[in-house]
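Note sheet for the following structure.
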Number of protein chains: 2
Amino acid sequence: MVTSKDIAKEAGVSTMTVSNVINGNHQKVSAKNIELINELIKKYHYVPNLSARSLSSKSTKIIGVLVPLEGDYNFFKDPYLSELIGVIEYAIRKKGYFAMIRSVSTVSDISELVKNWNMDGAIFLLPHYDNILHKIISKNNLPLVSLDSYSDYKDVLNVGINDYKGGYIATKFLINKGHKKIAFAGPTKENVVKERFNGYKDALADSGIPYNDSIIYDVSPVYDLGLSIGKEISNRRGDITAVFATADIMGLGIIEGARLNGYAIPNDLSVIGFDNIEASIFSSPKLTTISQNITTKAECAIDLLTEKINNSTVKQNRYVLDVELIERQSVLQYNG
Amino acid sequence: MVTSKDIAKEAGVSTMTVSNVINGNHQKVSAKNIELINELIKKYHYVPNLSARSLSSKSTKIIGVLVPLEGDYNFFKDPYLSELIGVIEYAIRKKGYFAMIRSVSTVSDISELVKNWNMDGAIFLLPHYDNILHKIISKNNLPLVSLDSYSDYKDVLNVGINDYKGGYIATKFLINKGHKKIAFAGPTKENVVKERFNGYKDALADSGIPYNDSIIYDVSPVYDLGLSIGKEISNRRGDITAVFATADIMGLGIIEGARLNGYAIPNDLSVIGFDNIEASIFSSPKLTTISQNITTKAECAIDLLTEKINNSTVKQNRYVLDVELIERQSVLQYNG
DNA sequence: TGAACAAAGTTTATCGATAAACTAAACAAA
DNA sequence: TTTGTTTAGTTTATCGATAAACTTTGTTCA
């Protein structure tokens with residue numbers, strides 16, 4: 001293994017000079033030595049040892065990407081989370097940090113992980129744990145950004161989307177297409193979905209459509225439950241003409257469930273989703289949905305996090321990104 | 001930050017004794033001290049610093065999970081890879097190691113990564129790079145297991161499935177259902193697919209069906225290309241009655257492409273896939289496919305890898321796992 | 001001319017844990 | 001009694017890089 005000592009010896013300088021070159025402290029090294037050392041680094045394929053670096057510098061350049069794990073649930077199977085993790089990893093790498101992607105299930109899991117690796121910061125995709133966690137992590141004095149949640153705990157950075165608007169424009173769109181019997185599918189009390197639900201209710205109210213409790217499906221946003229909802233809706237023949245699913249994957253389930261029961265989509269039932277995952281283009285019909293730009297979201301989150309890591313204070317600790325409606329094929333004009 | 005020094009001082013012993021307790025060298029410590037130290041560890045939430053540990057012990061407990069990255073391609077969008085990574089991470093964690101999931105694009109990327117982190121071992125999901133890589137890595141003396149490839153380089157551990165059999169039984173199944181005009185879709189020259197292709201050809205030959213070059217679609221196994229193939233097949237009206245897609249995601253594309261062109265699946269065209277990804281159950285019709293148990297595959301690979309890490313020699317350095325056919329709805333009896 | 005300062009380094013101590021070599025006490029066997 | 005062995009530790013050096021403090025030489029300007 002090639003170490004900085006080897007390079008230093010060959011260059012006839014001290015290891016500190018090598019260290020200064022590597023870390024770009026160029027004002028401390030003559031131009032000649034910079035060039036010489038860089039050449040030797042290339043020649044011997046020298047790569048600094050990160051363990052040693054972290055140990056002495058107290059900065060690991062590791063950003064934890066912490067994702068929920070529940071039982072046997074494998075987050076890589078959830079297309080939204082999966083895509084999101086991919087772009088986050090990329091954003092982290094672009095900033096010169098290392099992503100440590102980990103599924104975590106308990107609070108002590110996280111605590112241990114953070115201490116183990118001495119992470120410089122972390123990004124959370126864990127809306128459920130919110131309050132408990134943030135306290136614990138803040139105790140560790142760990143810069144952290146929480147994605148898709150509405151944490152009020154100070155020191156916690158927030159990056160999310162305008163969920164209220166998403167819920168509002170999705171519902172308004174269905175209303176404008178002539179629908180009045182619009183079902184809602186998603187966990188109405190959960191952090192982000194709560195806001196989408198508020199948007200849904202306000203859009204109905206603004207159009208003078210009475211809110212109807214019996215067409216609210218308050219369930220987790222997964223494919224299987226979408227399937228059941230699709231079947232149930234088609235059994236209620238005409239009771240519901242459109243449905244707003246708070247996750248595309250659930251919307252796809254609803255479409256399939258309804259279809260299995262002899263419903264044609266969008267002729268018999270209009271469906272609008274949320275997230276604009278890749279699969280929403282591949283489905284048939286292609287899903288009309290509320291789009292959030294996850295790349296922008298990830299970059300914004302990582303920018304914010306690295307700013308906090310380096311300065312410890314940030315200008316703004318909450319960012320709300322815009323959403324837009326993408327019209328495809330799963331919603332039809334209703335003339336009932 | 002709590003260190004082993006703090007624990008040692010409080011317990012009235014040296015740090016080595018603490019270290020011995022942590023690492024389970026119990027024959028070096030009295031029962032009384034073991035208990036005392038364990039209590040203090042719990043009391044102060046002490047977690048050993050991995051950087052320090054790696055630096056002194058030369059063992060990082062990190063296993064690199066190296067995944068291909070091509071341009072903007074995000075592997076988290078590929079459902080097969082995505083699921084596979086999930087189960088690999090889980091298998092690694094169960095063995096007491098840490099997974100470092102990384103997308104890599106160039107050889108120097110990998111070399112740098114491995115050196116940077118001083119990985120104990122790595123698992124490769126990179127069939128394309130095969131030869132070049134294995135040499136480089138073996139130079140670093142890194143235990144590594146290659147998934148889904150047929151590397152002949154010694155020191156490289158191989159875990160894969162019986163691709164030949166998969167290709168054979170998929171094709172035979174279509175033949176038994178009365179099909180004779182069976183297209184093949186997949187990269188015929190690529191490592192694993194080559195074997196599936198051999199199985200395909202042999203199954204045809206064994207049934208006396210002539211091989212037809214004009215119905216081989218030699219393309220990458222992605223959804224979009226599946227779409228085009230589906231469209232093309234439906235344009236060739238009756239020229240092809242069944243297709244063997246070497247990846248489910250491509251099969252789903254073919255189904256959709258054909259359907260967009262007015263073909264009904266499976267009535268007008270039978271489709272069989274490969275991999276048995278989650279989405280193959282969610283599709284409509286549900287996809288008949290060749291199933292590989294990725295959990296078993298991942299566990300086998302990690303078992304093998306950790307064995308090599310600890311013993312440096314292994315009993316057997318190639319494992320070939322079985323495959324089976326899962327019949328769902330996308331293949332129909334043909335009576336032409 | 002001399003004080004102040006900048007440039008280009010070096011030296012030393014340290015991060016936290018561990019491997020390897022060493023010690024001391026208790027006991028057994030010859 | 002002496003030697004050997006086991007148990008339960010401790011001490012010391014080290015992993016590789018870096019922060020902080022220090023040195024040396026050359027330059028500036030009042």
Side-chain angles (χ1 to χ4, degrees), chain A residues 1-38 40-41 44-62 98 112 114-120 140 310, chain B residues 1-38 40-41 44-62 98 112 114-120 140 310:
Chain A
M1 191 190 214
V2 184
T3 69
S4 65
K5 223 179 195 166
D6 301 323
I7 304 292
K9 198 193 286 175
E10 179 113 2
V13 299
S14 71
T15 59
M16 265 320 292
T17 301
V18 175
S19 172
N20 281 326
V21 170
I22 290 166
N23 294 295
N25 301 329
H26 285 176
Q27 77 287 1
K28 298 275 236 156
V29 191
S30 65
K32 206 201 309 170
N33 271 341
I34 292 179
E35 202 183 340
L36 171 61
I37 289 169
N38 276 327
L40 291 172
I41 287 175
Y44 291 108
H45 302 290
Y46 166 68
V47 176
N49 180 311
L50 290 181
S51 298
R53 174 180 281 180
S54 334
L55 192 56
S56 63
S57 73
K58 309 273 178 206
S59 157
T60 54
K61 292 275 168 195
I62 294 178
F98 299 91
E112 190 180 321
V114 167
K115 283 185 197 167
N116 250 318
W117 291 102
N118 219 337
M119 295 174 172
D120 282 358
N140 285 342
N310 295 317
Chain B
M1 191 192 214
V2 184
T3 70
S4 65
K5 222 178 197 167
D6 302 323
I7 303 292
K9 197 192 286 175
E10 179 113 3
V13 298
S14 71
T15 59
M16 266 319 292
T17 300
V18 175
S19 172
N20 281 328
V21 171
I22 290 166
N23 294 294
N25 300 329
H26 285 178
Q27 77 287 0
K28 298 274 234 159
V29 191
S30 66
K32 205 202 308 169
N33 271 341
I34 291 179
E35 201 182 342
L36 171 61
I37 289 169
N38 276 327
L40 291 173
I41 286 175
Y44 291 108
H45 302 289
Y46 166 68
V47 176
N49 180 310
L50 291 181
S51 298
R53 174 179 281 179
S54 333
L55 192 57
S56 62
S57 72
K58 309 271 176 203
S59 157
T60 54
K61 293 278 168 191
I62 294 178
F98 298 92
E112 188 181 319
V114 167
K115 283 186 195 165
N116 249 319
W117 290 103
N118 220 336
M119 294 173 172
D120 283 358
N140 285 342
N310 295 317

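A note on names: the letters A, B, ... follow the listed sequences, proteins ahead of strands, and every chain is numbered from 1.
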Can you see if the side chain of [X] gets near the phosphate of [N] - specifically, an N or O under 4.0 Å from OP1 or OP2?
{"X": "B:Ser14", "N": "D:dT10", "value": "yes"}
{"X": "A:Ser19", "N": "D:dT18", "value": "yes"}
{"X": "B:Thr17", "N": "D:dT10", "value": "yes"}

Is there a donor and acceptor pair closer than 3.5 Å between the side chain of A:Lys28 and the base of C:dG9?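 Counting by modelled atom types and ignoring angles, a donor-acceptor contact under 3.5 Å is found here.
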
Rounded to whole Å, please give me the gap between [atom1] in [X] and [atom2] in [N].
{"X": "B:Met16", "N": "D:dT12", "atom1": "CE", "atom2": "C1'", "answer": "11 Å"}
{"X": "B:Asn23", "N": "C:dA20", "atom1": "CG", "atom2": "P", "answer": "13 Å"}
{"X": "B:Asp6", "N": "C:dG16", "atom1": "CG", "atom2": "P", "answer": "9 Å"}
{"X": "A:Lys5", "N": "C:dT11", "atom1": "NZ", "atom2": "P", "answer": "13 Å"}
{"X": "A:Lys58", "N": "C:dT14", "atom1": "NZ", "atom2": "C1'", "answer": "9 Å"}
{"X": "A:Lys32", "N": "C:dA7", "atom1": "NZ", "atom2": "P", "answer": "17 Å"}
{"X": "A:Asn118", "N": "C:dG16", "atom1": "CG", "atom2": "P", "answer": "9 Å"}
{"X": "B:Gln27", "N": "D:dT5", "atom1": "CD", "atom2": "C1'", "answer": "16 Å"}

Please pick, from [options], the nucleotide with the shortest atom-to-atom distance to any side-chain atom of [X].
{"X": "B:Leu55", "options": "C:dC15, C:dT10, D:dC15", "result": "D:dC15"}
{"X": "B:Met1", "options": "C:dA17, C:dG16, C:dA19", "result": "C:dG16"}
{"X": "B:Ser4", "options": "C:dA17, D:dT10, D:dG16", "result": "C:dA17"}
{"X": "B:Val29", "options": "C:dT18, D:dA19, D:dG9", "result": "D:dG9"}

Sugar-phosphate only, base, or nothing, as touched by [X] at under 4.0 Å among non-hydrogen atoms:
{"X": "B:Asn20", "result": "nothing"}
{"X": "A:Val13", "result": "sugar-phosphate"}
{"X": "A:Asn33", "result": "sugar-phosphate"}
{"X": "A:Ser30", "result": "sugar-phosphate"}

Got a donor-acceptor contact below 3.5 angstrom from the [X] side chain to the [Y] backbone?
{"X": "A:Asn38", "Y": "A:Glu35", "value": "no"}
{"X": "A:Thr60", "Y": "A:Asn118", "value": "yes"}
{"X": "B:Asn23", "Y": "B:Asn25", "value": "no"}

Looking at every heavy atom in both A:Val2 and A:Tyr46, which two are closest together, and how far apart are they?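 Closest heavy-atom pair between A:Val2 and A:Tyr46: O-CD1, 3.4 Å.
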
Measure across A:Asp120 and A:Lys61 and return the closest heavy-atom pair with its distance rounded to 0.1 Å.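 Answer, listing the atom of A:Asp120 first, then A:Lys61: OD2-N, 2.9 Å.
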
